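Keep in mind that what you see is a predicted model, and the values were worked out from it rather than measured.
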Amino acid sequence: MSKVSNKDELRQFESDFSALKTIQYKKAVKGRLDGLLKFGKGDPAINFTAIDLDGKAVNLETLKGKVIYIDLWATWCGPCTQEMPFYEKLRQKYKDNNNVAFVSLSVDDNLGLWHKNVAERKADGNQWLINRNKLIDYDVVNIPRTIIIDRSFKIANLNAPVPSAKDTTKMIDELLN
């Protein structure tokens, strides 16, 4: 269920609940589904505040009007760091397009490790850090994870393709057109 963004597809999981034998498990799964249905594709994005490399507060809503591609990662996440070259390549592909914004959003707990990683990679652009607890509505459990918000500041996909996926460019291009 966690990988599904479409609410109609999520509702289809309810028919499987009758097969669950344990009442506590059934209740937990139902609660999880209710949470996923509360916020998802087509819903207005929920603003959050992160910090940039200078320690200044930055708000997601400052990017309203653009397609926003958010790459969630952490320094301790091997698959996340493997996606970094693909993220940079994707960002470079759209560098001259003012209608798309890329946000590299780390959920690291260690500010020093985050700064060191960004410096070693010579990464630029929107390099943000946030406490994962500030992303409760976005239900950030697993990383790497990508969120795409459309130009009207609505969720296009809470579990969008990662930078290395073939469908990533296609999805961004569709939202730009």
- [ ] Kindly indicate whether the side chain of Arg151, heavy atoms from C-beta on, has any atom under 4.5 Å from the side chain of Asn99.
- [x] yes
Open item on the list: Please check this pair: side chain of Thr168 against backbone of Val162, looking for a donor-acceptor N/O pair closer than 3.5 Å.
Closed with: yes
Open item on the list: Is it the case that the side chain of Asp150 and the backbone of Ser152 share a donor-acceptor pair, with hydrogens and angles ignored and the cut-off at 3.5 Å?
Closed with: yes
- [ ] Would you mind reporting whether Pro163 and Thr146 have side-chain heavy atoms less than 4.5 Å apart?
- [x] yes
Task: Non-neighbouring partners of Asp8 that pass salt bridge (Lys or Arg N to Asp or Glu O under 4.0 Å), sequence neighbours left out - done: Arg11
Task: Validation row: Thr22, Lys27 side chains within 4.5 angstrom (heavy atoms) - done: no
- [ ] May I ask you to decide if Asn98's main-chain N or O and Lys66's side chain share a donor-acceptor pair within less than 3.5 Å?
- [x] yes
Task: Inter-residue atom distance Leu105.CG - Asn126.CG, 0.5 Å rounding - done: 10.0 Å
Task: Qualifying residues under salt bridge (Lys or Arg N to Asp or Glu O under 4.0 Å), relative to Glu83, sequence neighbours excluded - done: none
Open item on the list: Working note: Arg91 + Asp124, criterion salt bridge (charged side-chain N to carboxylate O under 4.0 Å, His left out); need CA distance, chi angles, decisive distance, verdict.
Closed with: CA-CA 10 Å; Arg91 198 172 64 83; Asp124 59 357; 2.3 Å; yes
Open item on the list: Would you say that Ile70 contacts Leu60 through its side chain, given a criterion of any heavy-atom pair below 4.5 Å between the two side chains?
Closed with: yes
Task: Hydrophobic cluster of Val67, others only, ordered by chain and residue number, side-chain cut-off 4.5 Å - done: Tyr69, Tyr87, Leu90, Tyr94, Val100, Phe102, Ile148, Met171, Ile172, Leu175, Leu176
Task: Pair listing, disulfide bond (SG atoms under 2.5 Å apart) test, anchored in residues 46-142, at least two apart - done: Cys77-Cys80
Task: Shortest non-hydrogen contact between Leu158 and Ile147, atoms and distance - done: O-CG1, 3.7 Å
- [ ] Kindly determine whether Ile149 and Lys154 satisfy side-chain contact (heavy atoms from CB on, under 4.5 Å), including the steps that lead there.
- [x] CA-CA 5 Å; Ile149 299 169; Lys154 291 186 177 177; 5.8 Å; no
Task: Close side-chain approach of Val140 and Leu72, heavy atoms under 4.5 Å - done: yes
Task: From Glu88 atom CD to Met84 atom CE, the distance as rounded to the nearest 0.5 Å - done: 8.0 Å
TODO: Using modelled atom types only, decide if a donor and an acceptor are shared between the side chain of Asp52 and the backbone of Trp128 within a distance under 3.5 Å.
DONE: no
Open item on the list: With a 4.5 Å cut-off on side-chain heavy atoms, are Asn157 and Lys41 touching?
Closed with: no
Task: Residue pair Arg145 / Asn159, side-chain heavy-atom distance below 4.5 Å - done: yes
TODO: Validate the cation-pi geometry between Lys134 and Phe48: distance from NZ or CZ to the six-membered ring centre under 6.0 Å, angle to the ring axis within 45°.
DONE: no
- [ ] Name all pairs fulfilling the side chain to side chain donor-acceptor pair (under 3.5 Å) condition that reach into residues 109-118, sequence neighbours left out, sorted by first residue then second.
- [x] Asn117-Arg121
Task: For Gly78 against Thr81, the heavy-atom pair lying closest together - done: O-OG1, 2.9 Å
Task: Connected via hydrophobic side-chain network under 4.5 Å: Phe153 and Tyr138 - done: yes
Task: Interatomic spacing from CG in Asp139 to CZ in Arg132 - rounded to 0.5 Å - done: 10.5 Å
Open item on the list: Tell me whether Asp16 at atom CG has more than 12 heavy atoms from other residues, nucleotides or ligands lying less than 6.0 Å away.
Closed with: yes
- [ ] Indicate if Val58 and Ile46 have the same hydrophobic cluster label, given that clusters are the connected sets of ILVMFWY residues with side-chain heavy-atom separations under 4.5 angstrom.
- [x] yes
Task: Val118-Val107 co-clustered via ILVMFWY side chain contacts under 4.5 Å - done: no
Open item on the list: Quick test of your reading: applying side chain to side chain donor-acceptor pair (under 3.5 Å), list the pairs with at least one residue in residues 70-80, sequence neighbours left out, ordered by first then second residue.
Closed with: Trp73-Ser104, Thr75-Asp108
Task: Pairwise side-chain contact, Leu111 with Leu129, heavy-atom cut-off 4.5 Å (strictly under) - done: yes
